[in-house]
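Right, one structure below, let's go through it.
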Amino acid sequence: MINAIARKILVTIRPVSSLQARTPVVYPPAPLYSGSVSNLTAILERAAGDGLVVALTGAGISAESGIPTFRGEEGYWTVDSKVYRPQEMATNTAYRRMPEDVWQWYLYRRAVCREAAPNLAHAALVELDQLLGERFRLITQNVDGLHLRAGSPMERTYQIHGNIDYMRCGNDCTNELWPLPSDLQVPEDHLAAKEYRLSEADLALLRCPECGARSRPHVLWFDESYDEPLFRFESSLEAAAHAVVVIIVGTSAATTLPNHVVNLAARAGAGIIDINIDTNPFAEIADQLPTGIALRGAAGEHVPSVVKQLSEIVAG
Ligand code: NAD
Ligand code: ZN
């Protein structure tokens, strides 16, 4: 089944409309269920049996940590008085045309990520990993590294869009990743980082240690393709094909690999739980399945609750 899907697919994103402010974080009141609670229990009983449980996360899980999603003006970036949207900055085309500006934007976004701490939802997914061990996989679109900082293990965490804390060769001389140099002079405060302009010393540090070419952020850009060595493409599809339950958290279904993961799993009969403050295409899929449920509300509320219920079922 996996072979039927093209090995490489472009990352696509739909235009998004509603605004998402960075602060304050808005917690919706009581959780709303668009399916029945007994359905959730049935799905979790399935997760407590054999087979793989997959969590698929998007920017929404980190929103309560203070990292904006791509829905508002927060991500806009001005170069020579022209305003760029994230979907324009996060491209190979922009990097080829204005590499220093793209690096500056990433180092600002990295400062936002470094100021943030993992929240209750990240912590609950660590608990889930500890509960299920080899029966669990976490597929994340987030580049903020918060899952790893919360304690999710690298070997079961597929960062399918990369990690903003790492760089790699801009000329693809190797697939090796390097942590961003600690000597960079970029301020830690994200507002100061936004104003900061990279020095010659910074630029000299942002070079491939192997061949000396300009390095690039280790992030999958919107005009680039997924692959296995850097972005765990096949591993993600493999996990989806074997999943008995997929728990989707805070994603708008705008990128291609997550769509393949959910559709593959749903076609194979997996239970689908979609957690989101808003409706989205994955919630619609969950609603249509006999083994699906859409939980409308914040990740920080629903993910710990789902993990707690599953732990109780597993404990018997
Ligand atoms: P998105 O911005 O397109 O959608 C975010 C989703 O999260 C929306 O459906 C929204 O309703 C939901 N949401 C917002 N707050 C929530 C909360 N508290 N609880 C539950 N759900 C909540 O994000 P995406 O689907 O991940 O895709 C956008 C792309 O942007 C991805 O490629 C991703 O790599 C990148 N991105 C990453 C980060 C990050 O690393 N934190 C941040 C912004 C964008
Ligand atoms: Zn190189």
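Read the numbers this way: they start at 1 and go in the same order the structure lists the ligands and their atoms. Basis for what follows: all heavy atoms, side chains included, without hydrogens, waters or symmetry-related copies.
Between Gly297, Gly145, Gly250, it is Gly250 that holds the heavy atom closest to atom 5 (C) of ligand 1. Comparing Pro281, Ala299, Pro86 against atom 19 (N) of ligand 1, the shortest heavy-atom distance belongs to Ala299.
Both the backbone and the side chain of Gln141 come within 4.0 Å of ligand 1, counting heavy atoms alone.
If you take CD1 on Ile273 and CG on Leu310, they are separated by 8.0 Å, rounding to the nearest 0.5 Å. With rounding to the nearest 0.5 angstrom, the CZ atom of Arg97 is 7.0 Å from the OG1 atom of Thr91.
Trp77 has its ring centre less than 6.0 Å from the ring centre of Tyr108. Aromatic ring centres of Phe231 and His218 lie closer together than 6.0 Å.
Under a hydrophobic-cluster definition in which Ile, Leu, Val, Met, Phe, Trp and Tyr are linked whenever side-chain heavy atoms come within less than 4.5 Å, directly or via other members, Tyr106 and Leu148 are assigned to different clusters.
Distances between N or O atoms of Val143 and those of ligand 1 include at least one value under 3.5 Å. Ligand 1 has no N or O atom lying under 3.5 Å from any N or O atom of Thr255, backbone or side chain. No N or O atom of Arg109 sits closer than 3.5 Å to an N or O atom of ligand 1. In terms of polar-atom proximity, Ala59 is counted as a contact of ligand 1, with an N or O under 3.5 Å from an N or O of the ligand. Annotation: Ala63 places no N or O atom under 3.5 Å from an N or O atom of ligand 1; distance criterion only. For ligand 1, one of its N or O atoms has an N or O atom of Asp144 under 3.5 Å away.
Sorted by chain and number, the protein atoms of type N, O or S within less than 2.8 Å of the Zn ion (ligand 2) are Cys169 SG, Cys173 SG, Cys208 SG, Cys211 SG.
Salt bridge Glu134/Arg137: present, at least one basic N to carboxylate O contact under 4.0 Å.
The closest approach between a heavy atom of Cys113 and any atom of ligand 1 is not below 4.0 Å.
Exactly one residue among Asp165, Asp144, Asp189 makes a salt bridge (charged side-chain N to carboxylate O under 4.0 Å, His left out) with Arg114. That residue is Asp165.
With a 4.5 Å cut-off on side-chain heavy atoms, Arg109 and Val143 count as touching.
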